[in-house]
Amino acid sequence: MQEAQAAAARGEVPVGAVVSDAQGLVLARAGNAVEATRDASAHAEMLALRAAAARLGGKYLAGCTLTVSLEPCAMCAGAIAAYRLKTLVFGAYDPKSGAVEHGPRVFSHATTHHRPEVVGGVREAECAALLADFFGRLRDA
């Protein structure tokens, strides 16, 4: 939530992500940076995954957990599978752009080579409220 709140304060969609190892040590954390970088792929998940892999010095994050405030989109779900994460934990569900429990349901396809354990809805109300407040302020502006 801290990363999501920090992203909102920077004018980014308030999504935050943390990658931790099997012992719970935080390897990387990030908030959305799409606007600041002018990079459509600068989602919190992508930034945290890249940073965690760089910190570990490898291309996979086996045994690691990604915790993110919003259900990942198709791009981020694909990256989660590619990085071979053990667990995905997310807060708010995203019926419009989510790709884990909604839309393409990336991990349910037979062609998906790796499927993490998925735990959705953690602190869901808090995560959803942060997003609703952010978009409400944009509409009012």
Those residues at least two apart in sequence (or on a different chain) that pass side chain to side chain contact (heavy atoms under 4.5 Å, CB included) with V18 are V26, R29
Query - Cluster overlap V119 with V19, hydrophobic side-chain contacts below 4.5 Å - result: no
May I have the list of side-chain donor-acceptor pairs in residues 3-17 shorter than 3.5 Å, sequence neighbours left out?
unit_1: R10; atom_1: NH1; unit_2: A6; atom_2: O; d: 3.4
unit_1: R10; atom_1: NH2; unit_2: N32; atom_2: O; d: 2.9
unit_1: E12; atom_1: OE1; unit_2: V34; atom_2: N; d: 3.0
unit_1: E12; atom_1: OE1; unit_2: E35; atom_2: N; d: 2.9
unit_1: E12; atom_1: OE2; unit_2: E35; atom_2: N; d: 3.1
unit_1: E12; atom_1: OE2; unit_2: A36; atom_2: N; d: 2.8

When rounded to the nearest 0.5 Å, the distance separating CG of L61 from CD1 of I80 is 10.5 Å
Original post:
If Ile, Leu, Val, Met, Phe, Trp and Tyr residues are connected whenever their side-chain heavy atoms lie under 4.5 Å apart, and connections chain through other members, are L66 and L56 in the same group?
Top reply: yes
Here the gap from R115 atom CZ to L85 atom CG, rounded to the nearest 0.5 Å, amounts to 15.0 Å
Between side-chain atoms of residues 40-53 and protein atoms elsewhere (two or more places apart, or another chain), which donor-acceptor pairs fall under 3.5 Å?
unit_1: S41; atom_1: OG; unit_2: D39; atom_2: OD1; d: 2.7
unit_1: S41; atom_1: OG; unit_2: D39; atom_2: OD2; d: 3.3
unit_1: H43; atom_1: NE2; unit_2: A40; atom_2: O; d: 3.3

Please check if the side chain of T112 supplies one atom and the backbone of V106 the other of a donor-acceptor pair under 3.5 Å. yes
Shortest non-hydrogen pair, S108 vs P104, comes out as OG-O, 4.4 Å
With sequence neighbours left out, the residues meeting side chain to side chain contact (heavy atoms under 4.5 Å, CB included) with E126 are M1, R123
Those residues at least two apart in sequence (or on a different chain) that pass side chain to side chain contact (heavy atoms under 4.5 Å, CB included) with R137 are D133, F134
When you group the ILVMFWY residues by side-chain heavy-atom contacts below 4.5 Å and let the links chain together, are V89 and F107 in the same group? no
To the nearest 0.5 Å, atom CG of L70 lies from atom SG of C127 at 8.0 Å
Rounding to 0.5 Å, atoms OG (S20) and CG (L25) come to a distance of 8.0 Å
When you compare the side chain of F90 with that of T67, does any pair of heavy atoms fall below 4.5 Å?
no
Heavy atoms of A99 and C73 approach each other most closely as CB-C, 3.4 Å
Distance col, row L88:CG vs C64:SG, nearest 0.5 angstrom, shows 13.0 Å
Side chain to side chain donor-acceptor pair (under 3.5 Å) pairs touching residues 68-94, sequence neighbours excluded, are Y60-R84, E71-H102
